[in-house]
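Just so it is clear, the structure is predicted and the values come from calculations on it, not from any experiment.
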Amino acid sequence: MNVIRFSDLIAQGRVAGQRVFIRADLNVPQDDDGRITEDTRVRASVPCIQMALDAGAAVMVTSHLGRPTEGAFKPEDSLAPVAQRLGELLGRDVPLVADWVDGVDVKPGSVVLLENCRVNKGEKKNSEELARKMAALCDIFVHDAFGTAHRAEASTYGIAQYAKVACAGPLLAAEIDAITKALANPKRPLLAIVAGSKVSTKLTILQALSKNVDGLIVGGGIANTFMLAAGLKIGKSLAEPDLVSEAKAVIESMKARGAAVPIPVDVVTAKAFAADAPATVKDAADVADDDLILDIGPKTAEILAQQLKAAGTIVERPGGRLRVRRLRQGHRDGGQGHQREQRLQHRRRRRHPGGHRQVRREGGLHLHRRRRLPRSAGRQDAARVRDPAEARCRLKQA
């Protein structure tokens, strides 16, 4: 896939002195006091910003945060905590600019963070007027937010149409490389893992994968919708009942190819979504009307582990990122993984008593998304990238 990359423009000497607009994904979870509880996305965005600064560009960075109401800015929607964290990581002051659509004052070698782009009227509907104003702010537009690349919004799609030059940042370029690798010549069997809260936002991905992969595993709220499609009860768990027919279609598409979408046989439930809520493992058929499904159970984890072990190539999309990798060996432990997981979660809850819960399975399998407690800002599916170059490293390992 031929893509203009930001690194190529830098190598060609086309960035020095230019105004560079970077659309990053800085949508991180926060606690009730506005403290960032997981900064992976901020750290992952730093290399692109640093590249632009080192090249002598005047750098503008923006992102969405949460789901604010357009035209109605609230303090909890502010990127102020992100600006502070970016400043710490970059080792410089990162001013936060509000009301930036009509003009931004930034000099070469400096960087500013533009306030939550989703507060701008017309952002979600990809307003042409808004997109043109954003494009007029810069000489080069850099798209480095893969987690929102599937949405046609003014700061992702519209601005790219009208900017003088539009290119892919290092994170987006790595994802494109991963997609190309997965589609071009994968080692069979090819297994896909798709997790997230909504089938609706990943429906086209699921439909496309069901026609190409040898196995398809779904997780998070998506798995709950597929459980409904299989005729199981999910209590008061997160799901999209109106998309059950679409989920059934994906299941049938896989069956037609002699494959299946594994439906959980057991689950971890609780009566409330809270860090101190007692968790219970039960058969999927025994979920009560007042249960919340938080994770798959140990029996399901073992079934999926066997499927993963046999996979030649794994395409993984937990929330916002796509990864291609070979399964790492040596992570199974004779059934003790669930106990280890409980201990890890207990330590996480002690570190973040008011924060989110994350469930992580053995072998690097992320089946359930990070979920946030009520009133916490940020999306539920903040990406897990411990190192900004992780996607590239995964490709080399694959």
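- Taking 4.5 Å as the limit, every side-chain heavy atom of C138 sits out of range of all side-chain heavy atoms of V20.
- Looking only at distances, no side-chain donor or acceptor of E128 sits under 3.5 Å from a matching main-chain atom of G158.
- Remark: side-chain polar atoms of S78 are not paired, donor with acceptor, to backbone N or O of P75 under 3.5 angstrom.
- No more than 12 heavy atoms of other residues, nucleotides or ligands sit less than 6.0 Å from atom CD of E129.
- Side-chain contact annotation: S155 with R23, donor-acceptor N/O pair under 3.5 Å present.
- A donor-acceptor contact shorter than 3.5 Å is absent between the side chain of E246 and the backbone of L203.
- Under a 3.5 Å cut-off, the side chain of S127 and the backbone N or O of L130 do form a donor-acceptor pair.
- In K121, the NZ atom is not crowded: 12 or fewer heavy atoms of neighbouring residues, nucleotides or ligands sit closer than 6.0 Å.
- Rounded to the nearest 0.5 angstrom, T204 OG1 and L209 CG are separated by 9.5 Å.
- Among L26, L65, V82, T62, the single residue meeting the side-chain contact (heavy atoms from CB on, under 4.5 Å) criterion with N116 is L65.
- Side-chain atoms of S253 never come within 3.5 Å of backbone atoms of A249 as a donor-acceptor pair (strictly under, hydrogens ignored).
- The only option from K233, K236, K282 that meets the salt bridge (Lys or Arg N to Asp or Glu O under 4.0 Å) definition with D291 turns out to be K282.
- Nearest heavy atom pair, residue V268 against residue A279, reads CG1-CB, 3.8 Å.
- E70 contributes a side-chain N or O that, together with a main-chain N or O of K124, makes up a donor-acceptor pair within less than 3.5 Å.
- The number of heavy atoms from other shown groups lying within 6.0 Å of CG (L90) is above 12.
- You'll find the side chain of V165 stays beyond 4.5 Å of the side chain of D139, heavy atoms only.
- Atom NZ of K299 has 12 or fewer heavy atoms from other residues, nucleotides or ligands within 6.0 Å.
- Scanning both residues, D8 and V3, for their nearest heavy atoms gives OD2-O, 4.5 Å.
- Counting heavy-atom neighbours within 6.0 Å of D99 CG, excluding the residue itself, gives a total of 12 or less.
- At a threshold of 4.5 Å between non-hydrogen side-chain atoms, the residues W100 and L137 count as touching.
- With hydrogens and angles left out, the side-chain atoms of D266 and T300 include a donor and acceptor closer than 3.5 Å.
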